[in-house]
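Chain naming here is simple, since letters A, B, ... match the order of the sequence lines and numbering starts at 1 in each. Basis for what follows: all heavy atoms, side chains included, without hydrogens, waters or symmetry-related copies. Values in this document were obtained by computation on a predicted structure and should not be read as measured data.
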Amino acid sequence: MTASGSTSAAGPAPGVTPGAASGPPVRAAHRHPRPWRATLRAIPTLLRIGVAETVAYRAEFVIWMLTTSLPLVMLGLWTSVAAEAPFRGYDSADFVAYYLSVLVVRNLTGSWVSWQLEDEIRRGMLSMRLLRPIHPFLSFAASHLASVPLRGVIALPVAVVLLLSSGADALTRDLAQLAWLLPALALGWFLSFCILFAIGALAFFLERSSAIVDVYFGVFAVLSGYLVPLTIMPAWLAAVAQVTPFRGIIGIPVQIVTDPSLGPMGAARLVGFQALWAVAVLLLLSWLWRRGVRRFEAFGA
Amino acid sequence: MITATALRKEFQVSRRPPGLRAALASLLHRRTETVVAVDEVSFSIAEGERVGFLGPNGAGKTTTLKMLAGLLHPTRGQAEVGGFVPHRRERGFLCAITLVMGQKQQLIWDLPPSETFAMNRAIFDVPVREYKDALDELVTLLSLAPVLDKPTRQLSLGERMRCELAAALIHRPKVLFLDEPTIGLDVEMQLAIREFIRSYNQRHRATVMLTSHYMDDVVALCPRVIVIDGGKLLHDGDLRTLIKAKDPDKRVSCLVPRAVAEPDVMPQVAARLAGLGEVTLEGARLRLRLPESRLAEVIGILLSELRVSDLSIEDPPLEDVMRAMFRKPAASQEPARDASAEARE
């Protein structure tokens with residue numbers, strides 16, 4: 001049997017009048033001359049659904065929050081080290097300021113998107129996202145961004161404790177410098193999200209990208225300043241940390257808050273550093289994503 | 001509305017014999033081979049048609065649907081849906097189609113279905129009034145009112161499937177690719193979904209392409225069927241013509257009177273009918289399989305001589321026709337299709 005011609009012998013469905021729709025009109029296919037406008041209009045709803053999801057997954061959310069409490073352990077360790085004399089210029093108050101700031105920044109800039117993306121790629125569920133007229137990066141980003149205010153619920157009390165503690169003395173009071181904190185946090189979140197999204201996208205090529213996430217967290221914890229302030233690291237390691245993107249996620253926002261010597265221009269330069277890395281990581285991610293989706297299309301979607 | 005021209009899809013599948021040595025060897029050198037999932041398939045479907053897409057497991061049905069929905073890039077050949085090249089996944093194309101896969105869900109697991117509907121409204125940029133109309137229609141046709149605000153995880157399989165359909169149709173797509181939409185559902189729910197698909201097709205003049213292991217779905221919904229096996233197109237045309245071509249015999253079923261069903265009488269009846277067709281008797285139920293040309297003669301005998309009741313005449317079940325089509329003679333049997341290709345189905 002060979003292929004048919006243009007229509008079947010059966011013709012259109014019973015009850016259907018050729019050439020005239022019998023029900024409400026189906027939407028025109030070429031309706032969106034500016035797709036980005038439609039995407040922008042979708043963002044508020046995606047954020048609202050993201051909040052609903054975060055609230056629904058509250059147990060997982062709280063557990064994830066608890067996993068970010070490592071700075072408190074480090075705080076206990078370093079304050080005891082610095083109890084008698086400052087360590088490389090850091091006294092107890094400096095450590096309190098540093099680690100409480102790290103805790104706040106980590107809560108606001110962390111992400112778990114790589115696990116979600118890996119899971120969706122492995123189980124083929126990404127197909128359903130690819131069939132929606134919004135880039136999966138944007139839909140994941142909106143969903144994750146929506147959880148940030150809820151993370152603030154945890155970050156805020158820590159920030160209050162910081163302001164009331166001995167660490168308050170070690171914080172900068174230069175408002176012009178502090179004005180750079182918000183963009184620094186936003187870029188920190190974006191960098192972290194992009195890097196973890198790129199690692200999740202490796203599942204297009206590898207059986208399990210979660211193994212890469214483990215390696216990433218090891219490197220991240222050291223080079224971002226999450227474990228130890230970059231300024232008390234060995235010089236060669238601090239030099240590496242200075243040029244890698246990881247300090248953009250933790251170290252830079254923390255430095256803007258805890259380094260009075262930085263000044264507004266210094267803070268601006270650090271935010272510029274974050275922005276450069278954000279562009280670089282986004283370009284890398286976009287290349288990786290295109291190749292990955294092509295592979296997904298070739299190997300089974 | 002849908003055109004496939006010499007569509008072909010090949011997959012590279014890795015091969016590894018069992019055992020530790022093979023596992024270690026595969027670290028250095030991975031053997032792969034090419035599996036042809038869809039082989040030069042061509043067809044064309046007009047706007048408003050409902051077409052059944054049939055074939056055994058691993059035949060290439062889902063692969064073809066995925067190529068038409070834009071999820072898979074064809075190795076060769078061309079696909080066109082509503083004037084779009086599917087794999088480019090342009091916004092206009094994505095707004096015009098939907099793909100429902102019975103085994104993959106798009107509902108947000110921990111939120112009520114109404115949230116997924118709202119999300120799809122925003123993503124597909126459906127104006128609020130159109131959304132309300134579409135939602136009202138879907139809620140009525142699919143009886144969704146009681147489940148709209150329950151978390152998806154608490155819904156039964158049937159309720160979830162109805163919500164999946166609604167989520168997939170909230171943007172009123174023009175082309176529906178339905179891959180096993182009734183899988184795992186009970187008979188009542190299958191009927192409800194079937195009825196809904198027919199109604200959607202008629203209301204919106206939507207084009208429907210359906211795969212299902214339940215032949216009743218296909219018989220009830222699809223005047224036209226496309227049959228593929230081993231990635232190759234075997235038949236494209238009217239369902240009744242297919243059935244007639246592959247198995248022209250009619251099935252007659254009737255109840256014989258108790259006196260006729262007696263062991264000493266029945267052999268004579270069977271002998272009387274034997275030359276006319278295949279006869280089986282289960283209790284008082286007499287079944288015959290016979291050519292259409294003999295139908296009038298046999299019905300005459302059954303009614304006038306045997307005085308049967310509850311008489312029905314039917315085409316052969318589609319399952320039987322399919323089974324016969326896909327049964328390959330041992331000599332011409334192709335190598336068994338790759339397991340991974342089946343898994344893709």
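- Within the 4.5 angstrom heavy-atom criterion, only side-chain atoms of A:Val293, from C-beta onward, approach chain B.
- Shown here is B:Gln78, whose CD atom has no more than 12 heavy atoms of other residues, nucleotides or ligands within 6.0 Å.
- Taken from CD1 in A:Ile134 to CG in B:Asn120, the straight-line distance is 10.5 Å, to the nearest 0.5 Å.
- When all heavy atoms are compared, the tightest approach of A:Thr45 to B:Ala118 is CG2-O, 3.7 Å.
- Interface remark: of the candidates B:Thr98, B:Leu94, B:Val227, B:Leu94 forms the most heavy-atom pairs closer than 4.5 Å to chain A.
- With a 4.5 Å cut-off on non-hydrogen atoms, B:Ile108 touches chain A through its side chain but not through its backbone.
- With a 4.5 angstrom heavy-atom cutoff, A:Leu46 touches chain B only via side-chain atoms.
- Closest approach of B:Phe124 and A:Leu131 over heavy atoms only: CZ-O, 4.1 Å.
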Do A:Met128 and B:Met101 pass the side-chain contact (heavy atoms from CB on, under 4.5 Å) test, and can you show the C-alpha distance, the side-chain angles, and the key distance before you say yes or no? CA-CA 9 Å; A:Met128 304 316 286; B:Met101 291 192 269; 4.0 Å; yes
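- Considering every non-hydrogen atom in both B:Cys95 and A:Pro133, the closest pair reads SG-CG, 4.1 Å.
- Within a 6.0 Å sphere centred on CZ of A:Arg291, heavy atoms belonging to other residues, nucleotides or ligands number 12 at most.
- For chain B, the nearby part of A:Arg123 is the backbone; its heavy atoms alone come within less than 4.5 Å.
- Separating the CD1 atom in B:Ile123 from the CG atom in A:Leu138 is a distance of 10.0 Å, to the nearest 0.5 Å.
- For a residue to count as touching a neighbouring chain, one of its non-hydrogen atoms must lie under 4.5 Å from one of that chain's; by this rule B:Gln105 touches chain A with backbone and side chain alike.
- For B:Leu111, the part sitting under 4.5 Å from any heavy atom of chain A is the side chain, from C-beta outward, and nothing else.
- Applying the side chain to side chain contact (heavy atoms under 4.5 Å, CB included) test to B:Glu40 and every residue at least two apart in sequence or in another chain returns B:Ala6, B:Arg8, B:Arg76.
- Between the CZ atom of A:Arg132 and the CE atom of B:Met119 there is a distance of 3.5 Å, given to the nearest 0.5 Å.
- Heavy-atom distances place the side chain of B:Arg121, and not its backbone, under 4.5 Å from chain A.
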